[in-house]
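A short write-up of the structure that comes next.
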Amino acid sequence: MFFFRMIFKALRRQVGKRLMIAVTIFLGAGLTTSMLAVMLDVGDKIKQELGSYGANIQVLPQGKSVVSQLYDFEDTDSSANSQSGALQESELAKLKTIFWAYNIENFAPFLETKADFSGQDIDVVGTWFRKKLSIPTGEKVDTGMADMRDWWEIQGSWPKAPDEVMVGTKLAQQNGWHLGDSLTLKPPHGETDSAPSQTLTISGILTSGSNEDRQLFADLSVAQSLSNRPGQVDRVEVRAITTPENDLSRRAARDPSSLSLEDWETWYCTAYTSSIAYQIEEVMSNAVATPVHQIADSEGTILEKTQLIMTLVAILAMAGSALGIANLVTASVMERSAEIGLMKALGARNLFVVLMILTETFIVSLVGAAFGCLGGIGLAQLVGHLVFGVSINIRPVVFPLMAVIVGLTVLLGCLPSIRALVTLQPARVLHRK
């Protein structure tokens, strides 16, 4: 009781310095809490942000994949595609049956062909715009290209019916097409008798800044009919939540059979881009799934750099807090040197005096840290809305982490004052008084 009475009386003195210690911890804890909260949630936010820029896995027929790898080009001619093999539309639902099914956020099939419009050939891409797909588990999932092309500038709207299409802005300008116009597309020259013509309505005009501006996007069934390839798909773009690649995933991507049993299990049960691609190949026939390295690599690099910056900011914030506490507590000890000297002269041990100063500082810091954590949560939400346009999910682990960080910061900040307390000589300070 004597110990706590002394603490209580000490807290009522030097109010200015106590307040400064609390404010110092408040600022450091607030900034660190916000950085920790954002850092722990930023992985999903970055993946969602990058997810709007397309797929990170592409599934091709085996023959077409070999040609693409050898010659580094993608043949859009329908006859070449059919010769190199095709994927089956009926197998696409199997993508949601793999071990990492819930990590697959979206996917869309594509079938490229030519069509005859008023005597000229135009590029037609068949796809799912928005489709509710039944999967073998009995569930229904929403999928399609609309959510994988968020960066497109759309005039009009996405097609809602099989007879509606979207056209690239350059193709529309070339032919004088406008929203609401009706088009009659025929099979390419030489295949007139193989498939019926299609009458379609333009529901949207897109601007992508790429070759897609010269293409016409139609429902997958339309492209299959024009090319006389029912049920076939040229490629599938898959968007999956993945873990950044490391040495294990890169070795597995080269040759999974070269891994030891333990490494293979670790790789297979981790959401690497390569392991998800491998599992896709397991459930689909005649398929080769390959990571789209520009996006897959960017995710890991951006995530690592973002987390490194936030970690450095948090470390610097708490280092500044520790220095501030060191100055304030040391100044407080020097002002109370006569009181502390008298206590030591009356028999108080160094441990008692050190515990008293530490307890005082921890109580004041606890108040500052509590308000700092609340302020940090608000700052994290502000960062989330300004940078990502969504709120930040506060992980429960943030609070015990902050308790440990604040405790270490206060302890480090008190080290200079502890040294001064231990070396303080009662005879010297009392003699000066």
Side-chain angles (χ1 to χ4, degrees), residues 7 11 14-52 241 243-244 299-332 357-418:
I7 296 293
L11 289 174
Q14 297 181 318
V15 176
K17 286 187 174 57
R18 309 295 183 199
L19 183 60
M20 288 301 296
I21 291 174
V23 170
T24 301
I25 286 293
F26 167 80
L27 295 174
L31 185 55
T32 303
T33 299
S34 65
M35 291 298 100
L36 278 177
V38 174
M39 185 173 65
L40 291 173
D41 197 48
V42 74
D44 293 341
K45 299 297 182 288
I46 287 178
K47 292 178 188 298
Q48 290 172 5
E49 191 72 17
L50 289 176
S52 65
I241 299 174
T243 298
E299 286 181 354
T301 301
I302 294 173
L303 181 58
E304 289 173 1
K305 291 183 177 179
T306 303
Q307 290 179 333
L308 177 60
I309 291 172
M310 292 182 176
T311 301
L312 290 175
V313 170
I315 290 173
L316 291 174
M318 296 315 292
S321 297
L323 290 174
I325 291 173
N327 290 330
L328 291 167
V329 176
T330 301
S332 174
I357 298 299
L358 283 177
T359 304
E360 295 172 9
T361 308
F362 269 108
I363 291 174
V364 174
S365 300
L366 182 62
V367 175
F371 285 99
C373 284
L374 293 176
I377 292 173
L379 181 59
Q381 299 304 330
L382 179 62
V383 171
H385 284 287
L386 289 178
V387 178
F388 301 106
V390 293
S391 60
I392 296 294
N393 297 321
I394 307 299
R395 307 295 172 92
V397 73
V398 168
F399 301 105
L401 273 177
M402 281 307 304
V404 173
I405 290 171
V406 169
L408 290 174
T409 300
V410 173
L411 187 60
L412 290 173
C414 289
L415 286 179
S417 60
I418 291 174

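Computed from a prediction, not measured in an experiment: that's the story for all the values here.
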If you compare all heavy atoms of [X] against all heavy atoms of [Y], which two are closest, and at what distance to 0.1 Å?
X	Y	result
Ile25	Gly368	CG2-C, 3.8 Å
Ser34	Leu31	OG-O, 2.7 Å
Ala37	Val398	CA-CG2, 4.1 Å
Ala369	Ala29	CA-CB, 4.1 Å

Response to the item:
Here the gap from Thr24 atom OG1 to Asn327 atom CG, rounded to the nearest 0.5 Å, amounts to 9.5 Å
Worksheet, complete the sentence: Separation between CZ (Phe26) and OG (Ser321), nearest 0.5 Å, reads 11.5 Å
Worksheet item: Is there a side-chain contact between Met310 and Val38, using heavy atoms and a 4.5 Å cut-off?
Response: yes
Fill in: Side-chain heavy-atom pair Ile377, Ile392 within 4.5 angstrom cut-off
no
Worksheet entry | Flag if over 12 foreign heavy atoms under 6.0 Å of CZ, Phe362 | yes
Worksheet item: Counting heavy atoms not belonging to Met318, are there more than 12 under 6.0 Å from its CE?
Response: yes
Response to the item:
With Leu36 as partner, the option from Leu401, Val397, Ile394 fulfilling side-chain contact (heavy atoms from CB on, under 4.5 Å) is Leu401
Worksheet item: Checking side-chain contact (heavy atoms from CB on, under 4.5 Å) against Leu328, which of Ile21, Val23, Leu19, Thr361 comes through?
Response: Ile21
Worksheet item: So, the side chain of Thr33 versus the backbone of Gly30: is there a donor-acceptor pair under 3.5 Å, distance only?
Response: no
Discussion item. Is it the case that the side chain of Ser417 and the backbone of Cys414 share a donor-acceptor pair, with hydrogens and angles ignored and the cut-off at 3.5 Å?
Written reply: yes
Enumerate, atom names and distances included, each donor-acceptor pair closer than 3.5 Å involving a side-chain atom of residues 404-411, sequence neighbours excluded.
{"unit_1": "Thr409", "atom_1": "OG1", "unit_2": "Ile405", "atom_2": "O", "d": "2.7"}

